[in-house]
Every structure is written in C-alpha cells, then in structure tokens.
Protein chains: 2
Amino acid sequence: MAEKEISQAVIARLPRYFRYLGDLKEKGVERISSQELSSIMKVTASQIRQDFNNFGGFGQQGYGYNVSYLYEEISKILGIDKQHSLVIIGAGHLGKAIAGYTNFTRRGFVFKGAFDCNPDLYGTRIRDVEVRPIEEMESFVKDNKIEIAVLTIPKDQAVPMAHKLADCGIKAIWNFAHVDLEVPDKIQVENVHLSDSLMKLSYNINRYENNI
Amino acid sequence: MAEKEISQAVIARLPRYFRYLGDLKEKGVERISSQELSSIMKVTASQIRQDFNNFGGFGQQGYGYNVSYLYEEISKILGIDKQHSLVIIGAGHLGKAIAGYTNFTRRGFVFKGAFDCNPDLYGTRIRDVEVRPIEEMESFVKDNKIEIAVLTIPKDQAVPMAHKLADCGIKAIWNFAHVDLEVPDKIQVENVHLSDSLMKLSYNINRYENNI
DNA sequence: GCATGTTTGTTAATAATTACACAAAAAATA
DNA sequence: TATTTTTTGTGTAATTATTAACAAACATGC
C-alpha cells in the first residue's frame, strides 16, 4: 500500500497556500479558482492544481476550490489539526521569542517546558512555563511524552543534546543551531540556519549590484 | 557580457559548504577532494564539483581543493568579504536574539541601529546600540546608508514598513514577518517564515507515523 | 432542460536539476 | 624520468520539477 512519496518541494509550498487561504477565509471569501489564487500568490495556476492533486481532488470543475474546505484539508495534511507538545532547549532571546509566539499555540503547538543550563534562569517564567535546569530535560520529555524539541543553544552543545533527545524518545527536532545534527531516521529534523539565510541575502545584494 | 545566471539552488548550498570548509580550516586540514567532502557532507561529489564550477575552477586535478583558498573564494562569492551595515526593526526577543548573535559580526554584518514603536524600550541598549523610536528610522537609514533591514515586527506592520524602507533606499530586507512583502525588484528580500518551517516539521512527523 | 462558459484533474511537453562517466591534468611513486 | 594513481572539469544521460494543454465535469443563465 506504499503511497507515492510527495516531494519536499511540494510540502514546502503548502504552508504558504495555508497562509493565503487563511487570509481569504478571514475576508469571507468562499470560493477561489486556481487562476485567481495564482494571480494573488504569483505562482502558476498549473502548479497550484498539481500541488493539490498530490493529495486527491479538493476542487470541482466549473466551481474552483471551497476556501474553508481546502484550508481544513491542508491543515490535516500538515498535521496541524492535532496538538503537538513542544519543549524549548535554550531559554535565551531566541528561545523566548519562539515560546512567546502565540500563533504557534493557535496552530496546535503546545509549549510545555523550557530548559537552560544557566542557573540564573531557573524558576523564571516564559509565558506560564518555568525554566528548568537542563538536567531535568530527559525525565521531563519521557514523562510528558514530548514530541518536538526546539534547539536554541550554541552549536557545540547542540550535537550531544540531539543524541540525548534521541535517547529519550523525542519525535522531532526544530534545530536553530548552526550545525547539522546526526540522529536516527525516525527523528524528523527541520533546520533553521539563520546565518545561511543571511549569506544568501548577501549574495543577492552583491549580484544585483554587479549586474546593474 | 551577461554572465550566466546561477540558480538559487546552488546559492542556497554555498553557505553549507562555507560552514564545513570553515570547520576543516579550523582543524588544520589543508586540502580536500570532492570525494572526501562528499562523504562528510552527505552530498554527491559530482554536485560539489558542479557547484564550484559555476564560478570557475577552484581545484586542481590530482590534488583536490585547497581548503583555505576555497573558503576565501566562497566568502567572496557570498559577498561576506565586505562589510554590510544592518538595522533591526522590532526590538523584541527575536530582534534581540539576532542583534546579539556575534557570529554575524564576524561575517561582516555590522549592527548599526535598532528601532521599535514601544516607548518603554527607547534608550535601552542591545549590545552597544541604543533602541530608537521607529519615527527616526527613515532619517537614520538615509544618513547612515544602511544596506540591510531586519524586520522582526508583526505582519500587519511589516508591509507598510517595507514600503517605507524602500523609499529610504534600503538595499535588502531580511523578513521574519509571516507575510510576503511587495517591494521593487532592486530590493533583495530573504524570508524566514518560521511558522512555515514548523508546519513542514509537523508534516514530516505525521508522514513518518503513518508510514510505519 | 439545454447551451454556454468556467475550471478542474490529468496527461503531455518543456525546463531544470542532479548524477554519471571519462578524458585531461596534475601528483605521487618507483 | 617514466609510470601509475588521483582527481578535477565537463559533456552527457537520467531524473525530477514545472508549465502547458485539453477533455471531462460541473455551474450558470436563459
């Protein structure tokens, strides 16, 4: 029954569709054609139809797509119709920024714990969650069956921490450290390498200036 | 003299090469073959050679690549051999996290100013930079010929702010707001949509669980 | 209820990306 | 110095991704 694998390029586009559909829904738009969505999102209508068709037909000929329905279906595909528990490892500014981002809560990501190795932070609170010593992480993750760990710690600490996380049954790591983690295949890793992103921007500044 | 355009897929890989080469350099490795680098980085040797060849030959048959030389060349390609001035718009946790990341300084990104609309923050300092009222942003950017603006503000404020930035001659926007900006082509935009990234992670958790 | 227009789902064509393969060049070795 | 080994640069093949095209399905209006 092996479903055909859907490329990560398609998956990477889904959150953007989801965002635009959410906006349309909020504006009270009931239906939309791939053509209209295409002109709003600046992608081809063909790509939109192909992308949605990877998951079965969500639209109807002569009508288009029902905004609410499509929105719900994409949320199911992305798995954000269910709740995901999450801990933040590294309670610095970046950790705090992420923990404090209330929109994640709205998408079902429930912030359950925060850990740091700096004793000054123990007992301080991020939203309504207490920062705990990093030593308590493993038992906490096991006891509370935490699914996602957000790694906002320096890169030299990130690699051993990823191994610890793997050992206590984490399902996924959202990695902000500037290093590639090596973990078993069953653990999903999503990297946010901010410096890579900034370097790409730098390249494009250069390119534009040299092409004038 | 139109140079052939290099695909963004290639550019997106350069920072990762740069990171690994930096590590090798630090370890005192002098030379490396595409084959060796391939096994460290888990990409094909062919792709490595193709990528580097987009910019001319950096290696030598029978020898491989000189680590230091290649490192320098990539830094030139990425434009991080020069300094780039940068302001942060939105002095919340995310803004502070980015401003405080000293590695950026090492790569030539010089943090020159921070702006916010919250009067409580005026005069407070992020590293050695004072947070100023957002009203002062336009003159500051013009007077100091700032190249890059980091947008760490809510999405409803991001769109008008991008227009203001465009008007005062910014070259690039590093956008952390969950919205797509519309600015003239001459302004380079690099998006970091954290919620998109988290949704992708959520999809992959789901996918793994349904495929067991 | 029929004709007309719209829009999807899907197949085909094109474009882009990645991997393969090997000659040519240099290094290492004998 | 001659020979063997290594390894790049690059042309070509294979794969993947994107765009175009169109028949089938439905909605709309008369």
Side-chain angles (χ1 to χ4, degrees), chain A residues 2-17 20-21 24 29-74 77 200 203-204 207, chain B residues 2-17 20-21 24 29-74 77 196 200 203 207:
Chain A
E3 307 258 331
K4 71 167 187 296
E5 184 90 11
I6 289 154
S7 92
Q8 289 290 312
V10 174
I11 304 309
R13 283 193 292 265
L14 291 182
R16 188 158 178 263
Y17 292 130
Y20 277 85
L21 288 165
L24 287 166
V29 178
E30 269 181 25
R31 59 185 262 193
I32 194 157
S33 68
S34 58
Q35 189 63 76
E36 288 171 290
L37 195 54
S38 149
S39 81
I40 299 170
M41 293 187 63
K42 311 280 164 62
V43 293
T44 64
S46 182
Q47 180 161 77
I48 291 171
R49 294 202 298 275
Q50 291 269 21
D51 282 349
F52 293 165
N53 250 90
N54 281 298
F55 307 97
F58 296 145
Q60 200 156 58
Q61 280 103 326
Y63 175 87
Y65 299 90
N66 178 287
V67 172
S68 292
Y69 174 69
L70 186 54
Y71 181 84
E72 290 305 321
E73 288 303 311
I74 293 179
I77 294 165
K200 205 158 143 253
Y203 171 86
N204 283 318
R207 182 189 53 137
Chain B
E3 307 261 328
K4 71 167 185 297
E5 185 90 11
I6 288 152
S7 91
Q8 289 290 311
V10 175
I11 304 309
R13 283 193 292 266
L14 291 182
R16 187 158 179 262
Y17 292 129
Y20 276 87
L21 288 165
L24 288 166
V29 178
E30 269 183 25
R31 60 185 262 194
I32 194 157
S33 69
S34 58
Q35 189 63 74
E36 288 170 289
L37 195 54
S38 150
S39 80
I40 299 171
M41 293 187 63
K42 312 281 163 60
V43 294
T44 64
S46 178
Q47 180 162 75
I48 292 172
R49 293 202 298 277
Q50 292 267 20
D51 282 348
F52 293 165
N53 249 90
N54 280 299
F55 307 97
F58 295 146
Q60 199 156 58
Q61 280 104 324
Y63 175 87
Y65 299 89
N66 178 286
V67 171
S68 292
Y69 174 69
L70 186 54
Y71 181 83
E72 290 304 321
E73 287 304 310
I74 293 179
I77 294 166
D196 290 15
K200 204 156 144 255
Y203 172 86
R207 181 189 55 135

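Proteins get letters first, then strands, A, B, ... in listed order; numbering begins at 1 in each.
A donor-acceptor contact under 3.5 Å links the side chain of B:Gln61 to the base of D:dT8. For D:dT19, its base sits under 3.5 Å from the side chain of A:Gln50 at one donor and acceptor pair at least. For D:dA20, its base sits under 3.5 Å from the side chain of A:Ser46 at one donor and acceptor pair at least.
Nucleotide D:dT7 holds its P atom 13 Å from the CG atom of B:Leu37, rounded to whole Å. The distance between atom CD1 of B:Ile48 and atom C1' of D:dT7, rounded to the nearest whole Å, is 13 Å. B:Gln35 places its CD atom 13 Å from the P atom of C:dA19, with the value rounded to the nearest Å. Whole-Å rounding puts the B:Asn66 CG to C:dA27 P distance at 12 Å. Regarding A:Phe58, its CZ atom lies at a distance of 9 Å from the P atom of C:dG9, rounded to whole Å. Put simply, OH on A:Tyr63 is 8 Å from P on D:dT28, counting in whole angstrom units. As a whole-Å value, the separation of A:Met41 CE from D:dT19 P is 13 Å. For the pair B:Asn53 CG and C:dA21 P, the computed distance is 19 Å after rounding to whole Å.
For D:dT19, the OP1/OP2 oxygens have a side-chain nitrogen or oxygen of A:Thr44 closer than 4.0 Å. Side-chain nitrogen and oxygen atoms of A:Arg31 include at least one within less than 4.0 Å of the OP1 or OP2 phosphate oxygen of D:dT28. Regarding contacts with the backbone of C:dT8, a side-chain N or O of A:Ser34 is found under 4.0 angstrom from either OP1 or OP2. Residue A:Arg49 places none of its side-chain N or O atoms closer than 4.0 Å to OP1 or OP2 of D:dC22. A sub-4.0 Å separation between OP1 or OP2 of C:dT17 and a side-chain N or O of B:Gln47 is absent.
Here A:Tyr65 lies in heavy-atom contact (under 4.0 Å) with sugar-phosphate atoms only.
The closest side-chain donor-acceptor pair between A:Gln47 and A:Thr44, if any, does not fall under 3.5 angstrom. If you check the side chains of B:Asn66 and B:Gln60, you find no donor sitting under 3.5 Å from an acceptor.
With rounding to the nearest 0.5 Å, the separation of OG in B:Ser33 from CZ in B:Arg49 is 9.0 Å. One finds the CD atom of B:Gln35 at 11.0 Å from the CD1 atom of B:Ile40 (value rounded to the nearest 0.5 Å).
When the nearest nucleotides of DNA chain D are assigned to A:Gln8 and A:Gln60 by heavy-atom distance, the more 5′-ward of the two goes with A:Gln8.
Between B:Tyr69 and B:Phe58, the angle of the ring planes goes over 60°, which puts this pair in the perpendicular group of the 30/60° scheme.
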